[in-house]
Structure formats: structure tokens, C-alpha cells
Protein chains: 2
Amino acid sequence: MSVITMEAADGGLRERKKARTREALVDAALRLFAEQGFGPTTTEEIAAAADVSQRTLFRYFPTKEDIILDVQDEIEEAFRLKLAARPAAEHPVDSLITALTAAWSEVDASVLNAHLRIMRLSDESPKLLAAHLQRSAVNLDLLASLIAHRTGTDTAEDPRPELVAAAFGSAVHVGIVRCCRSGRGGVDDLVSSVNHCLELLIPTLTEPWDADRRAGRGAAPRAPRPAPPADGPGTPA
Amino acid sequence: MSVITMEAADGGLRERKKARTREALVDAALRLFAEQGFGPTTTEEIAAAADVSQRTLFRYFPTKEDIILDVQDEIEEAFRLKLAARPAAEHPVDSLITALTAAWSEVDASVLNAHLRIMRLSDESPKLLAAHLQRSAVNLDLLASLIAHRTGTDTAEDPRPELVAAAFGSAVHVGIVRCCRSGRGGVDDLVSSVNHCLELLIPTLTEPWDADRRAGRGAAPRAPRPAPPADGPGTPA
DNA sequence: GTCTATATAGGGATAGAC
DNA sequence: GTCTATCCCTATATAGAC
């Protein structure tokens with residue numbers, strides 16, 4: 001048979017079969033985890049549900065956690081692409097917030113929903129939570145490198161790229177966790193919770209603590225930095 | 001024999017034996033991990049080195065990682081105690097920084113050194129890193145609760161306690177990681193690296209980005225909040 | 001009887017041989 | 001892709017200390 005026929009189409013025939021197998025595994029895992037929990041579900045069950053052998057499963061994913069944690073990487077990669085599209089002169093904090101909004105508005109809703117379901121599962125399984133946090137750490141490193149590159153900062157001498165990335169990541173994480181904890185949460189709840197946390201981050205660190213302030217209804221925080229020129233090619237949403 | 005004789009001393013005979021077994025396990029693990037790495041060392045080896053059975057090891061520690069990660073909890077608990085001793089009116093950010101300095105100056109140097117060694121091992125073993133991050137998350141929750149209690153803030157409605165705790169924790173983490181990455185690091189290097197990151201956190205988020213600023217030698221950041229009254233009972237170092 | 005330690009057996013994840 | 005080995009961790013059954 002012709003090699004050309006097999007690989008010509010639009011991503012390769014094999015590529016698409018691989019992608020389908022991969023998706024079948026992710027779907028099966030997501031479903032079984034929801035039904036039985038993360039721990040009780042075995043890799044053999046997942047493989048059987050996706051009609052492949054256990055060995056094949058481990059050829060696609062190195063660990064059980066990775067089967068579902070890949071969607072996280074997918075989201076974060078989209079986010080980094082949006083960040084790279086922001087103007088270089090913009091302050092990293094502004095770039096990060098704008099890029100996140102842009103990325104989340106473009107990502108498929110089912111992907112964000114899957115991410116939410118994974119966060120829920122993490123509450124129940126320490127192992128899954130640990131794997132998730134580890135990935136977040138790796139993605140944070142990538143983010144810091146990207147920021148350093150964009151601002152022409154030498155990471156070896158200046159910790160600021162890592163600090164912005166870490167502080168931003170913290171705020172996003174707090175927003176996600178709070179959304180998950182508040183019972184049911186659709187994608188809309190997720191977005192508003194994270195946005196609220198991002199808005200509050202700087203005022204929380206710089207303004208006097210007012211016990212009565214809540215949910216952004218308080219004295220409006222003074223703009224801490226001059227607004228950047230609105231010349232960005234990105235998607236300001 | 002008399003019950004009084006057995007338990008009168010200062011913490012109970014059994015308690016001290018338990019503590020000694022525990023310490024023997026931690027020491028053995030720390031030594032074996034340094035010699036062979038985290039992954040290759042088996043729980044049976046650790047148990048044998050501490051002269052107990054594998055089952056006993058798992059009675060003291062639920063997982064292999066926990067054998068060494070308990071020193072982290074020890075440090076963080078000391079930190080929370082120092083934080084609780086700060087005046088309630090002080091801004092959380094100031095309380096956190098002061099409490100950290102106080103805690104680290106009191107903790108035994110060997111404990112901090114053990115912590116550093118663990119961080120190094122984490123670079124080598126994803127599993128250890130994941131477990132470490134998970135613990136940090138738990139400790140961050142405790143920290144947020146403490147801050148909420150001290151400031152009279154309702155965590156359900158106001159995310160700020162979680163935000164300060166998370167941002168502070170991020171900066172500390174960045175400082176630790178940078179210290180570990182910069183080759184050899186004594187406790188002094190650790191302290192200065194973390195302090196540097198803590199000083200830079202707020203200016204990094206609020207001041208314009210100046211690519212030439214480095215290591216704190218740049219325009220001094222304006223004090224973002226009025227300095228708190230120096231009436232704290234803590235150890236301002 | 002109660003608490004604590006042990007040995008043994010086994011399940012489940014993952015790596016490697018074939 | 002099947003089979004096997006290894007390691008982490010758990011369960012059960014049991015024995016010593018007081």
C-alpha cells in the first residue's frame with residue numbers, strides 16, 4: 001500500500017487514529033472516575049472501557065493521573081499563545097490578565113468543564129491533587145520563562161518574572177478552588193470567581209485591610225500603575 | 001510496677017520511645033535518600049536501617065514521602081505560632097513577613113538544612129515534589145484560616161485571606177527554589193534569597209517594569225502602605 | 001484487656017523482557 | 001501486545017508489654 005495514501009490526508013491517517021484512541025481513553029477515564037472515584041478505578045477498567053489493552057494505555061499516558069491532566073496542559077498552552085501575542089511593552093500583570101480572558105473565551109466549553117470536574121476529583125484524591133499541583137508548577141516555570149523573554153529580563157539575576165508568574169498563578173488557583181468549593185459551578189461561575197480574585201490581588205496586598213470590604217464593593221482601589229497604551233493586537237475581550 | 005514511675009517523667013515513657021523510633025526513621029530515610037536517591041531507596045531498606053519492620057514504618061508514616069516531609073510541617077507550625085503572636089491590627093502582609101523571620105531565626109539550623117536537602121531531592125523525584133506541593137497547599141489553607149480569624153474576615157464571602165496567604169507562599173517558594181537552583185546553598189543563602197523575593201513581590205506587581213533593575217539595586221520602591229506601629233510582641237529580628 | 005509491634009499475603013501501578 | 005517482576009501500600013492474623 002502507498003505511504004502517500006496513508007499520510008497525505010490532513011494530519012495523517014495514523015495521527016487521527018491515535019488522537020481518537022487518546023480521546024477514548026480520556027473520556028472513559030473521566031466517566032469512570034465520576035462514577036467510582038479516582039482511586040477505586042483501575043487502569044485495567046479504563047483500558048477495557050476504551051477497548052485497548054492496559055499496555056496500550058501506558059503507551060499513551062505514563063501514569064493514571066496523566067490520563068485526565070492533559071486537558072490542563074491544553075488550556076495552559078492556549079493561554080501561553082495568547083500571552084505571546086500581547087505587546088511587549090505592556091506590563092506583565094496586564095498581559096497575563098488579558099491573555100487569560102482571551103484564552104478562556106476561545107477554549108471549547110467542554111474542555112473547561114472537564115477541568116472543573118478534575119478539580120473536584122482532586123479534593124477526593126490526594127494523589128490526583130499532587131499530580132495536578134506538580135503540573136501547575138511546571139507550567140508556572142514555562143510562564144516565568146516566557147515573561148522573562150518578553151521583558152528582556154535575566155532570570156538568573158532577577159526573580160521578578162518568577163514572582164509575577166507565581167503571584168498570578170496563585171490568584172487564579174484561589175479563584176478556581178473557591179469556585180469548586182461553592183457547590184456546583186458552571187463555567188460562568190469559574191470565570192467570575194477567577195476574575196474577582198485577580199482584581200482583588202493587588203489591592204489586597206497594598207491597601208489597608210478593611211474588614212467590611214467584600215466582593216469588590218468597597219472603596220475602589222486606586223489604579224496602582226498608569227494604564228498601558230491600548231495598542232495591543234490581542235483579544236481584550 | 002508503678003504506673004506513676006512509668007508516665008511521670010516528662011512526656012511518658014512510651015511517648016519518648018515513639019519519638020525516638022520516629023526520629024530514627026527520619027534520619028535513616030534522609031541518609032539513604034542522599035546516598036541512593038529517593039526513588040531507588042525502598043521502604044524496606046529504610047525500615048531495616050531503623051531496625052523496625054516495614055509495617056511499623058507505615059504505622060508512623062502513611063507514605064514514603066511523608067517520612068521526610070514532616071519536617072516541613074514542623075517549620076510551618078512554628079511559623080503559624082509566630083504569626084498568631086503578632087498584633088491583630090497589623091496588616092497581614094507585615095505580620096507574615098515578620099513572623100517568618102522570627103520563626104526561621106528560632107528553628108534549629110539542622111531542621112532548616114534538612115528542609116533544603118528535601119527541596120534538592122524534589123528536583124530529582126517528581127513524586128516527592130508532588131507530595132511536597134500537596135503539603136504546601138494544606139499549610140496554605142491553614143494559613144488563610146488563621147489570617148481570616150485574625151482579621152475578622154469571613155472567608156466564604158471575602159477571598160482576601162486566601163489571596164494574601166497564596167501570594168506570600170508563592171514568593172517564599174520562589175525564593176526557596178532559586179536558592180536551591182543556585183548551586184550550593186547554606187541556610188544563610190536561603191534566608192537572603194527568600195527575603196529578597198518578599199521585598200520584591202509588591203513592587204514587581206505595582207511598579208513599572210524596568211528591565212535594568214536587579215537585586216534590589218534600582219529605584220527604591222515607594223512604601224505602598226503606611227508603616228505599621230512598631231508595637232509587636234514578636235521578634236522583629 | 002488494651003496498646004503496640006510483627007510477619008505474611010496480596011492488590012494495584014509501573015517497567016521491562018519477549 | 002502478553003507476561004512477568006518490582007515496589008508501594010493495605011489487610012489480616014498474631015504475639016509481647018503492661
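Just so we're clear, the structure is a prediction, and the values are computed from it rather than from any experiment. Numbers restart at 1 for each chain; the letters A, B, ... are given by sequence-line order, proteins then strands.
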Atom-pair distance ([atom1] on [X]; [atom2] on [N]), nearest Å:
X	N	atom1	atom2	answer
A:Arg59	C:dG16	CZ	P	14 Å
B:Leu32	D:dC7	CG	P	14 Å
A:Leu57	D:dT2	CG	P	13 Å
B:Arg20	C:dT4	CZ	C1'	15 Å
B:Glu44	D:dC9	CD	C1'	12 Å
B:Gln54	D:dA11	CD	P	14 Å
A:Lys64	D:dC8	NZ	P	18 Å
A:Ile67	C:dG12	CD1	C1'	14 Å

Original post:
Could B:Glu106 and B:Lys82 be called an ion pair, given the rule that one side-chain N must be under 4.0 Å from one carboxylate O?
Top reply: yes

Residue [X], side-chain heavy atoms: nucleotide from [options] that is nearest:
X	options	answer
B:Phe58	D:dT12, D:dC9, C:dA13	D:dC9
B:Thr43	D:dC8, C:dA13, D:dG1	D:dC8
A:Glu65	D:dT10, C:dT14, C:dA7	C:dT14
B:Arg55	D:dT2, C:dA7, D:dC7	C:dA7
B:Thr42	C:dT14, C:dA7, D:dC7	D:dC7
B:Tyr60	C:dA13, D:dC9, C:dA5	C:dA5

Subject >> Side chain proximity check, B:Phe79 to B:Val107, heavy atoms < 4.5 angstrom >> reply: no

**OP:** Rounded to the nearest 0.5 Å, what's the gap from OG1 on B:Thr204 to CD on B:Glu199? Could you check?
**Re:** 11.0 Å

Original post:
When rounded to the nearest 0.5 angstrom, what is the spacing between CG in B:Asp108 and CD1 in B:Ile75?
Top reply: 10.5 Å

Original post:
Contact class for B:Thr41 (heavy atom, under 4.0 Å): base, sugar-phosphate, or nothing?
Top reply: sugar-phosphate

**OP:** Say whether A:Ser110 and A:Asn113, considering side chains only, have a donor N or O and an acceptor N or O under 3.5 Å apart.
**Re:** no

